[in-house]
Amino acid sequence: MADDVLFEFLHMEMVSHIYKDQASRGEMEKDRATCVSTLEGMGFRVGQGLIERFTKDSPSFKDDLDVMKFICKDFWINVFRKQIDNLRTNHQGTYVLQDNKFALLTQFSNGKQYLEEAPKYLAYSCGLVRGALSNLGMDCVVTAEVSLMPSCESLLSSSSSSFIIYHHTTPNITDTTEMF
Amino acid sequence: MSRQSNRTTDSKKMNAELFTLTYGALVTQLCKDYENDEEVNKQLDKMGYNIGVRLIEDFLARSSVGRCQDFRETADVIAKVAFKMYLGITPSVTNWSPAGDEFSLIMESNPLVDFVELPDNHSSLVYSNLLCGVLRGALEMVQMAVDVKFSQDTLRGDNVTEIRMKFIKRIEENLPAGDE
């Protein structure tokens with residue numbers, strides 16, 4: 001129904017608006033953190049809703065790894081139109097999802113010039129994933145890292161992002177890591 | 001994994017829901033940030049405008065529609081090509097003014113409001129005002145100044161959603177000064 005492009009434009013405009021809005025209200029120091037958490041919060045609510053709609057007819061998941069595989073395949077395909085390229089885990093609650101051509105970053109130019117701006121465009125998606133996981137019963141912290149590589153002669157597009165998921169399996173949790 | 005059934009239809013549906021839910025999260029955030037509905041309407045219109053000026057390029061690239069000869073042709077292209085391409089619906093073009101400079105787009109269903117109910121304290125909120133901005137911005141990039149507004153809205157109890165578009169003037173292309 002709605003074209004993918006519409007979501008990308010809406011997302012771009014959302015990020016730009018939230019940052020412009022914060023800037024115009026002064027308070028430069030807490031700018032970045034509030035913007036990121038606002039976007040992340042929006043993503044969270046949407047992720048919760050989305051996953052409810054998407055899995056209402058599916059059987060329940062066997063374990064956490066099954067949930068993560070679902071996120072990497074079906075969820076990612078449906079939201080970002082491709083699968084996660086690489087999933088790694090330390091089997092102790094940390095998962096790293098790597099996407100070599102993240103859909104919301106493909107419009108960025110290759111190279112390191114806009115590396116600093118990239119986190120703004122990942123906040124919403126982190127919230128999306130966190131919301132989805134939360135409704136599947138996994139309470140997590142989701143952060144994202146981008147390392148834009150120069151394109152050289154590689155055939156892959158040059159934006160590679162990793163989503164790192166820390167799953168709180170025990171009550172003794174270390175302090176929540178800084179998002180960006 | 002065995003969850004293969006209806007993959008493509010699901011993914012189109014998911015994308016639509018992602019867009020709808022994201023839009024909902026955006027409007028909710030705007031309502032939190034601004035005290036009154038009028039301000040939210042204005043912001044939605046502004047954001048829509050920013051999206052529209054970019055969307056028109058995407059539209060022209062995908063649809064290979066030539067230049068429209070008159071406003072009637074414009075109306076048809078908007079309803080039958082653009083709306084269908086981006087929102088999957090085809091509104092009907094009706095209620096032409098005698099001078100031929102104003103018409104209505106009537107939508108039986110508005111995809112943006114799929115899961116939405118307006119609470120009583122937001123009765124003057126034009127929920128889908130982003131659409132007005134998008135149309136205005138897109139048409140401005142093809143040299144038409146138009147005025148777009150909602151005259152009926154299913155969220156406010158009407159049977160259909162109606163957008164009223166009025167042609168104001170043709171925008172002359174201005175060469176930058178000193179470019180003789």
Side-chain angles (χ1 to χ4, degrees), chain A residues 1-18 20-22 24-25 34-35 38-55 57-59 61 66 69-70 72-83 103 107 124-125 127-128 131-132, chain B residues 1-30 32-34 43-44 46-59 61-62 82-89 109 111-112 114-115 130-131 133-134 137-138:
Chain A
M1 198 170 85
D3 214 22
D4 316 324
V5 146
L6 265 188
F7 172 67
E8 277 172 33
F9 276 118
L10 181 63
H11 178 256
M12 270 198 281
E13 193 49 39
M14 246 166 46
V15 173
S16 141
H17 170 86
I18 301 259
K20 237 189 309 186
D21 196 50
Q22 292 296 110
S24 69
R25 285 168 192 236
T34 354
C35 295
T38 309
L39 284 167
E40 214 264 350
M42 288 168 73
F44 184 75
R45 276 291 296 126
V46 175
Q48 284 184 311
L50 265 184
I51 204 77
E52 261 174 41
R53 309 268 312 155
F54 191 44
T55 56
D57 296 322
S58 318
F61 296 97
D66 211 27
K69 285 201 202 142
F70 175 80
C72 293
K73 291 201 167 89
D74 298 318
F75 185 77
W76 221 258
I77 285 183
N78 280 286
V79 176
F80 301 115
R81 295 182 306 287
K82 63 182 284 287
Q83 285 189 24
Q107 308 291 336
Y124 183 79
S125 309
L128 217 55
Chain B
M1 295 203 342
S2 54
R3 280 179 265 271
Q4 307 280 335
S5 56
N6 301 334
R7 182 66 72 81
T8 40
T9 46
D10 264 0
S11 93
K12 277 228 156 279
K13 215 162 55 93
M14 266 287 271
N15 266 322
E17 292 187 356
L18 173 64
F19 179 73
T20 306
L21 289 173
T22 305
Y23 186 69
L26 174 67
V27 178
T28 310
Q29 185 63 38
L30 288 177
K32 262 196 263 188
D33 288 342
Y34 298 97
Q43 288 299 321
L44 282 174
K46 224 170 23 157
M47 292 177 70
Y49 178 84
N50 291 337
I51 293 179
V53 303
R54 298 185 179 100
L55 197 70
I56 185 72
E57 300 207 13
D58 182 83
F59 172 70
R62 281 176 203 249
F83 265 82
K84 179 103 180 89
M85 186 187 286
Y86 291 113
L87 293 174
I89 55 171
S109 69
L112 290 179
D114 265 344
F115 309 111
L130 193 96
L131 279 183
V134 172

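Excluded from the calculations below are hydrogen atoms, water molecules and symmetry mates; all remaining heavy atoms, backbone and side chain alike, are included.
Residues B:L30 and A:H17 form a side-chain contact, since some pair of their non-hydrogen atoms from C-beta on lies under 4.5 Å apart. A:V5 places a side-chain heavy atom less than 4.5 Å from the side chain of B:R62. You'll find the side chain of A:R45 stays beyond 4.5 Å of the side chain of B:T28, heavy atoms only. Looking only at side-chain heavy atoms (C-beta outward), A:F9 and B:V134 stay at 4.5 Å or farther from each other.
B:T20 OG1 to A:L6 CG: the interatomic distance, rounded to the nearest 0.5 Å, is 10.0 Å. Note that NZ of A:K20 and CD of B:Q43 are 8.0 Å apart. Values are rounded to the nearest 0.5 Å.
In terms of heavy atoms, B:T22 sits closest to A:M14 at CG2-SD, 3.6 Å. Residues A:L10 and B:F19 approach most closely at CD2-CE1, 3.5 Å, considering heavy atoms. Nearest heavy atoms, B:L21 versus A:G49: CD1-C, 4.2 Å.
Between chain A and the residues B:M47, B:R54, B:K46, the most heavy-atom pairs under 4.5 angstrom are made by B:M47.
Looking at B:Y23, both its backbone and its side chain come within 4.5 Å of chain A, counting heavy atoms on both sides. A:Y124 touches chain B through its side chain: at least one heavy atom from C-beta onward sits under 4.5 Å away, while N, CA, C and O do not.
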Give the C-alpha distance, both sets of side-chain angles, the deciding distance and a yes or no for side-chain contact (heavy atoms from CB on, under 4.5 Å) between B:L26 and A:E13. CA-CA 10 Å; B:L26 174 67; A:E13 193 49 39; over 6 Å; no

